[in-house]
Undergrad: 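Following this message is one structure expressed as structure tokens.
Quick note on labels: first sequence line is chain A, next is B, and so on, each numbered from 1. Quick caveat, the model's predicted, so the values are computed rather than measured.
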Amino acid sequence: MAKNLVIVESPAKAKTIEGFLGKEFTVKSSFGHVRDLSKNDLGVDVTNDFKPNYIISQDKKKIVAELKKLASTAEVVWLASDEDREGEAISWHLIQALDLKESKTRRIVFHEITKDAILNAIKNPRPLDVNLVDAQQARRVLDRLVGFELSPVLWRKVKPSLSAGRVQSVAVRLISEREKEIEKFNSISSFKVVGDFIVNRDSKDYVLHAELNKRFEKKDEAEVFLKKCVNASYSISSVETKPSKKSPSPPFTTSTLQQEASRKLGFSVSKTMIVAQQLYESGKITYMRTDSYNLSDMALSTAKNEIISSFGKEYQQTRQYTTKTKGAQEAHEAIRPTYISNHSIDGDVSQKRLYEMIWKRTIASQMSDALLEKTNVNIAVSSASEEFVARGEVIKFEGFLKVYIESTDDENDENGKGTLPEVFKDEILDMQEISAIERFTLHLPRYTEATLVKKLEELGIGRPSTYAPTISTIQKRGYVVLETREGKERSYTTITLKNNKISSKNNTEIYGYEKSKLFPTDIGNLVNLFLMEHFSDILDYNFTANVEKEFDEIAEGNKIWNNMIKEFYAPFKIKVTDIQKNSEKVSGEKLLGIEPESGKNVYVKLGRFGPMVQLGEADENNKPRFAGLLKNQSMETITLAEALDLFKLPRKVGIYKDEEITAAIGRFGPYVKYGNAFYSLFKTDDPHTVTLERAIEVIEEKLDKDSKKLIKEFDKNPEVKILNGRWGAYIAIGKENYKIPKDKKPEELTLEDCILISKQPKKPAKRGFRKGNN
DNA sequence: CAGTGAGCGAGCTTCCGCTTGACTT
């Protein structure tokens, strides 16, 4: 039995560390937190100084029992959870849950996984920092109170099963308010003027592409300018060359890794984390949930050697970056390759690509600046005061650009790259062509998953371990959707001067194409409005930053955590109670207009099952009619005509064999109903116009398919059937379905085979969620 | 994933941060 038990948070870390320590040490992992507030109630006794009710988490009971057993026989238990607020709390919870005696317990910390760092930590144990633990308790209790008090308000006032929280509600706010700004935005057009000029060198022509230093608001003004250019002469008024430089970006943190993987590899935030976790578990990269730019001394020196041997001494520059992120806890290193000498790795395509990106970014961060030379050439027009400007950029020394070019979120950034031909002041140029092109101002961009993470990090909201889950939560709740929306067409004008002739042309272009962007839903907008009206203090972008300051005071021992919570909770609870009692239910109800036939009002509002339209009001004699909005409709944009269309369904299509056929749109798309059964229509069928012939065709097709559904049944047990489904044959027993192994022929299966297959363990259900619209 | 088609009624839902699983004699 080992004399020493070391407990860390992550099993991969445990494995590595065990290799550093001798036989006297057993290293185990707690798998993160082992206890949490009870889930069935508030979990906090608000009448008793906010005493938390901690429970060993269901999925941690086994590991706690195992650790307890090991701890009882060990001479010393070393608590080596991370050196941050949560890590300190994990150690404290372990002391409580494992019932550790102070005399044989040591708290140690390190923030890089190297042998030296671990051995040094063992030599320098420190007492548990109870103030830091209290700061974590304050954080935990505050989040619980906010979440479990606000969510029930939403259940009653908006819709059941909704949620609110310190982090998720701000994320929704960002998306909802950005969309409002975009709706309000008016695009203005102006005319950008570009000219191509010819430079002749050694009897070869070079084109100098330049842009006028002024834009014209109106088409006439642009025309006036072009007229002036007819027969004008063009000369170079100045040539300015100045050196500049570019420095590499720091190595990756969770947030920057997610952003760059999104831009360069097209990975979603969750995909990045899944692949990074695989790399981490196979020992290829350091820990992937970090907010630190720090690299260990060992990493710095191996990077240095690597760069010098691969590229040469002049490419190397040791750099240590400092974090400026709000609320960073810096318990880990930056994300880097474990072995920097490995330029690439074995693995699947995603793993290889992500690893390569991490390797390049890490290496580049330790390389020298790129030296550039920027040139501005001004071209004067003899008949006008405006000047054309040509910009060029030449790389004099690549530096870090040799391995890594960071991409940007800016979608139109093409200006001033490349070399210019050598030109001289007062040189006269031939003009080849000048065009005035109508350009439009752009609204602020919608958030992608990755730019939302970037914004949240800037605001200090959320942690590396929660960025991906937060994005998933606000989609699960139906507050936002991740969508690609097609652009629209618009026309723009180009006026061209060529060969002394001015011509004008209308062209068309596609604009507003949005790829994988986050859009708010009606529910998201409504919940945001509601929370902003009543709880704007919690939705404030600075709320987290402000409470973080108080957590810091608690951590420094200058504040008592229960007092901080009390100051927050007293007014908050009064507000919650008041709203629950006195506030009206919100539905976002809006009068769209009047139905011409009946003269009844048509409303759009949020109902129990989502957005819907309503015809007429409820009174003693009449019930209003309701109809749900279609998937591509929203409360914000639906028109009266579209709403009236919704009431036309279900529509009588006709009679077939003495039974009526009706057509409507349901949760799963358009369908026809015949007798008591439903038949899905195709995407190309419109229930408003579908003919009786087509409806019968769809019905007969389905009936035909159903008749072929049954492959085999058994007299001995009518419960068991072999059926043909959408994904091939399967076994149905009662209400349960089972997959047939690939090597078996469905027709040949016996009853015994079926029973045997049904006893096989089932694959675990996917953790994914349905993108419900209800 | 194995088949669905609602209408504001008896039940339940929810937070943020740590960390990975995938039951068994």
Side-chain angles (χ1 to χ4, degrees), chain A residues 8-13 29-37 39-40 42-44 57 59-60 62-63 81-82 84-87 89-90 93 136 139-155 159-169 277 281 287 289 329 331 461-466 469-470 473 477 544 585 587 605-610 612 614 618 623-628 650 664-673 676-680 709 723-732 735-740 761-768 770 774:
Chain A
V8 296
E9 291 182 36
S10 147
K13 206 191 229 184
S29 148
S30 74
F31 294 83
H33 275 294
V34 294
R35 301 200 309 178
D36 192 16
L37 297 173
K39 281 191 185 348
N40 306 324
L42 195 55
V44 178
S57 310
D59 55 337
K60 299 293 165 52
K62 230 181 103 190
I63 188 73
S81 50
D82 295 345
D84 60 10
R85 200 164 61 204
E86 297 297 329
I90 287 173
H93 279 299
Q136 192 275 346
R139 200 280 304 155
R140 181 67 192 92
V141 168
L142 178 86
D143 282 337
R144 170 53 69 87
L145 292 174
V146 169
F148 274 38
E149 293 281 8
L150 280 189
S151 298
V153 177
L154 295 181
W155 303 344
K159 196 173 171 274
S161 304
L162 295 178
S163 65
R166 173 176 62 81
V167 174
Q168 60 168 280
S169 295
Q277 174 97 27
E281 282 175 9
Y287 196 56
R289 290 187 276 263
Q329 309 246 335
I461 298 173
R463 303 277 313 130
S465 66
T466 61
T470 299
T473 298
R477 299 278 173 272
T544 291
K585 195 169 171 175
S587 66
K605 66 198 270 194
L606 184 73
R608 174 76 175 64
F609 299 97
M612 64 181 189
Q614 178 183 336
K623 254 182 142 180
R625 282 190 64 196
F626 299 103
I665 296 173
R667 270 206 291 168
F668 312 103
Y671 66 92
V672 290
K673 191 177 175 192
N676 283 325
F678 297 86
Y679 305 84
S680 283
K709 191 176 175 184
L723 301 173
N724 231 331
R726 194 168 142 192
W727 289 276
Y730 67 98
I731 299 166
K735 281 190 172 174
E736 292 284 313
N737 298 308
Y738 304 91
K739 205 171 170 173
I740 297 174
K762 278 195 161 190
K763 263 206 272 177
K766 258 198 180 171
R767 256 193 316 183
R770 281 174 54 190
N774 49 334

Undergrad: Taking the nucleotide of DNA chain B with the closest heavy atom to each, which residue, A/S163 or A/G628, is nearer the 5' end?
TA: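 Residue closer to the 5' terminus by nearest nucleotide: A/G628.
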Undergrad: Report which part of the nucleic acid A/E149 touches: base, sugar-phosphate, or nothing (heavy-atom distance under 4.0 Å, all strands).
TA: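 The residue A/E149 makes no contact with any strand.
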Undergrad: A/E9 CD to B/dT20 P: how many Å, rounded?
TA: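 Rounding to the nearest Å, CD of A/E9 and P of B/dT20 are 9 Å apart.
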Undergrad: With a 4.0 Å cutoff (strictly under), does any side-chain N or O of A/R289 reach OP1 or OP2 of B/dT20?
TA: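 Answer is yes, contact under 4.0 Å.
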Undergrad: With respect to the phosphate group of B/dC15, does any side-chain polar atom (N or O) of A/Q168 fall under 4.0 Å of OP1 or OP2?
TA: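 Yes.
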Undergrad: For the residue pair A/M612 and A/K605, establish whether any side-chain heavy-atom pair is separated by less than 4.5 Å.
TA: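 Yes. Closest side-chain heavy atoms under 4.5 Å.
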Undergrad: For A/Q277, answer base if it contacts any base atom (sugar-phosphate contacts may also be present), sugar-phosphate if it contacts only those atoms, and nothing otherwise; contact means non-hydrogen atoms under 4.0 Å.
TA: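 Sugar-phosphate contact only.
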Undergrad: Could you check whether A/D82 gets within reach of a base, just the sugar-phosphate, or nothing at all, counting any heavy atom under 4.0 Å?
TA: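 Sugar-phosphate contact only.
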Undergrad: A/T470 side chain N/O closer than 4.0 Å to the phosphate oxygens (OP1, OP2) of B/dC16?
TA: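 No, because none of the side-chain N or O atoms of A/T470 sits under 4.0 Å from OP1 or OP2 of B/dC16.
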Undergrad: OG of A/S169 to CZ of A/R477: how many Å apart, nearest 0.5 Å?
TA: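 Between A/S169 OG and A/R477 CZ, I get 10.5 Å after rounding to 0.5 Å.
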Undergrad: Closer than 4.0 Å, any side-chain N/O of A/S465 to the OP1 or OP2 of B/dC18?
TA: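 So the side chain of A/S465 is within the cut-off, an N or O lying under 4.0 Å from OP1 or OP2 of B/dC18.
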Undergrad: Over all strands shown, is A/V146 touching base, sugar-phosphate only, or nothing at heavy-atom distances under 4.0 angstrom?
TA: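 Contact class for A/V146: none.
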Undergrad: Checking all strands, does A/R144 fall into the base, sugar-phosphate, or nothing category for heavy-atom contacts under 4.0 angstrom?
TA: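 Contact class for A/R144: base.
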Undergrad: Taking 5.5 Å and 30° as the limits, would you call A/W155 and the base of B/dT14 a stacked pair?
TA: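 Per 5.5 Å and 30° rule: no stacking.
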Undergrad: It should be established whether A/Y679 places a side-chain nitrogen or oxygen under 4.0 Å from OP1 or OP2 of nucleotide B/dG5.
TA: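 So the side chain of A/Y679 is outside the cut-off, no N or O lying under 4.0 Å from OP1 or OP2 of B/dG5.
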Undergrad: Just call it for A/P11: base, sugar-phosphate, or nothing, with non-hydrogen atoms closer than 4.0 Å on any strand.
TA: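 It contacts sugar-phosphate atoms only.
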Undergrad: For A/L37 and B/dC15, what is the distance between atoms CG and P respectively, to the nearest whole Å?
TA: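 Going from A/L37 (CG) to B/dC15 (P), I get 14 Å.
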Undergrad: Where the side chain of A/K605 is defined as all heavy atoms beyond and including C-beta, which of B/dG17, B/dC18, B/dC8 is the nearest nucleotide?
TA: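 Among the listed nucleotides, the one closest to the side chain of A/K605 is B/dC8.
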Undergrad: State plainly whether the residues A/D82 and A/K13 are in salt-bridge range, i.e. N to O under 4.0 Å.
TA: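 A/K13 and A/D82: salt-bridged.
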Undergrad: Can you tell me which nucleotide in B/dC16, B/dT19, B/dG7 comes closest to the side chain of A/Y287?
TA: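 Ranking B/dC16, B/dT19, B/dG7 by closest atom to the A/Y287 side chain puts B/dT19 first.
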Undergrad: In this structure, how many angstroms lie between the P atom of B/dC18 and the CG atom of A/D84, rounded?
TA: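 In whole Å, B/dC18 P and A/D84 CG are 6 Å from each other.
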Undergrad: Mind checking A/A164 for me? I need base, sugar-phosphate or nothing, with any heavy atom below 4.0 Å counting as a touch.
TA: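 A/A164: backbone/sugar contact only, no base atoms under 4.0 Å.
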Undergrad: Can you find a side chain N or O atom of A/R477 that sits less than 4.0 Å from OP1 or OP2 on B/dC15?
TA: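 True: A/R477 side-chain N/O within range (under 4.0 Å) of B/dC15 OP1/OP2.
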Undergrad: Rounded to the nearest Å, what distance is computed from the CG atom of residue A/L142 to the P atom of nucleotide B/dT14?
TA: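 So the CG-P distance, A/L142 to B/dT14, works out to 20 Å.
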Undergrad: Can you give me the closest heavy-atom contact between A/D84 and A/A331, atom names plus distance?
TA: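 Minimum heavy-atom separation between A/D84 and A/A331: OD2-CB, 3.6 Å.
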Undergrad: Answer whether the closest heavy-atom distance between the side chains of A/V141 and A/R144 falls below 4.5 Å.
TA: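 No, their side chains stay 4.5 Å or more apart.
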Undergrad: A/T473 near the nucleic acid: base, sugar-phosphate alone, or nothing, with a heavy-atom cut-off under 4.0 Å?
TA: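 The answer is sugar-phosphate, as A/T473 gets under 4.0 Å only of primed atoms, P, OP1 or OP2.
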Undergrad: Which part of the nucleic acid, if any, lies within contact of A/K39, taking any heavy atom under 4.0 Å across all strands shown: a base, the sugar-phosphate backbone alone, or nothing?
TA: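 Base contact - A/K39 has a heavy atom under 4.0 Å of at least one base atom.
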Undergrad: Applying a 4.0 Å non-hydrogen cut-off, can you work out what A/R85 is touching in the nucleic acid: base, sugar-phosphate, or nothing?
TA: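 The answer is nothing, as A/R85 stays clear of every strand by at least 4.0 Å.
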Undergrad: For the CZ atom of A/R463 and the OG1 atom of A/T470, what is their distance to the nearest 0.5 Å?
TA: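 Rounded to the nearest 0.5 Å, the CZ-OG1 separation comes out at 12.0 Å.
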Undergrad: Between P on B/dT14 and CG on A/L162, what's the gap in Å once rounded to a whole number?
TA: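 Nearest whole value for this atom pair: 10 Å.
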Undergrad: Report the distance from atom NZ of A/K585 to atom C1' of B/dC8, rounded to the nearest whole Å.
TA: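 It works out to 6 Å between those atoms.
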Undergrad: Could you check whether A/S161 gets within reach of a base, just the sugar-phosphate, or nothing at all, counting any heavy atom under 4.0 Å?
TA: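 Base contact.
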Undergrad: Taking the side chain of A/R139 as its heavy atoms from C-beta onward, which of B/dG17, B/dT20, B/dT13 lies nearest to it?
TA: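 Among the listed nucleotides, the one closest to the side chain of A/R139 is B/dG17.
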Undergrad: Return the value, rounded to whole Å, for the distance between atom CG of A/L154 and atom C1' of B/dC15.
TA: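 Those two atoms, CG and C1', are 12 Å apart.
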Undergrad: Do A/S465 and A/R289 have a side chain donor and acceptor closer than 3.5 Å?
TA: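 There is no such pair between these side chains.
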Undergrad: Out of curiosity, A/S161 OG to A/L154 CG, how far, rounded to the nearest 0.5 Å?
TA: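 One finds 11.0 Å between OG of A/S161 and CG of A/L154.
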Undergrad: Let me know, please, whether A/F148 or A/G462 comes out on the 5' side of the other along DNA chain B by nearest nucleotide.
TA: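 Looking at the nearest nucleotide for each, A/F148 comes out on the 5' side.
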Undergrad: Distance check: side-chain N/O of A/T466 vs OP1/OP2 of B/dG17, anything under 4.0 Å?
TA: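 Answer is yes, contact under 4.0 Å.
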Undergrad: Under 4.0 Å, counting only non-hydrogen atoms across every strand here, what does A/G165 touch: a base, just sugar-phosphate, or nothing?
TA: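 Here A/G165 touches the backbone only, sparing every base.
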Undergrad: Closest to the A/H33 side chain: B/dC16, B/dC18, B/dT24?
TA: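 Of the candidates, B/dC18 comes closest.
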Undergrad: Let's test your reading of the model: under 3.5 Å, does the base of B/dC15 pair with the side chain of A/R140 as donor and acceptor?
TA: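 Checked by distance alone, the answer is yes.
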Undergrad: Grab the CD-C1' distance between A/Q136 and B/dC18 for me, whole Å please.
TA: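 These atoms are roughly 9 Å apart.
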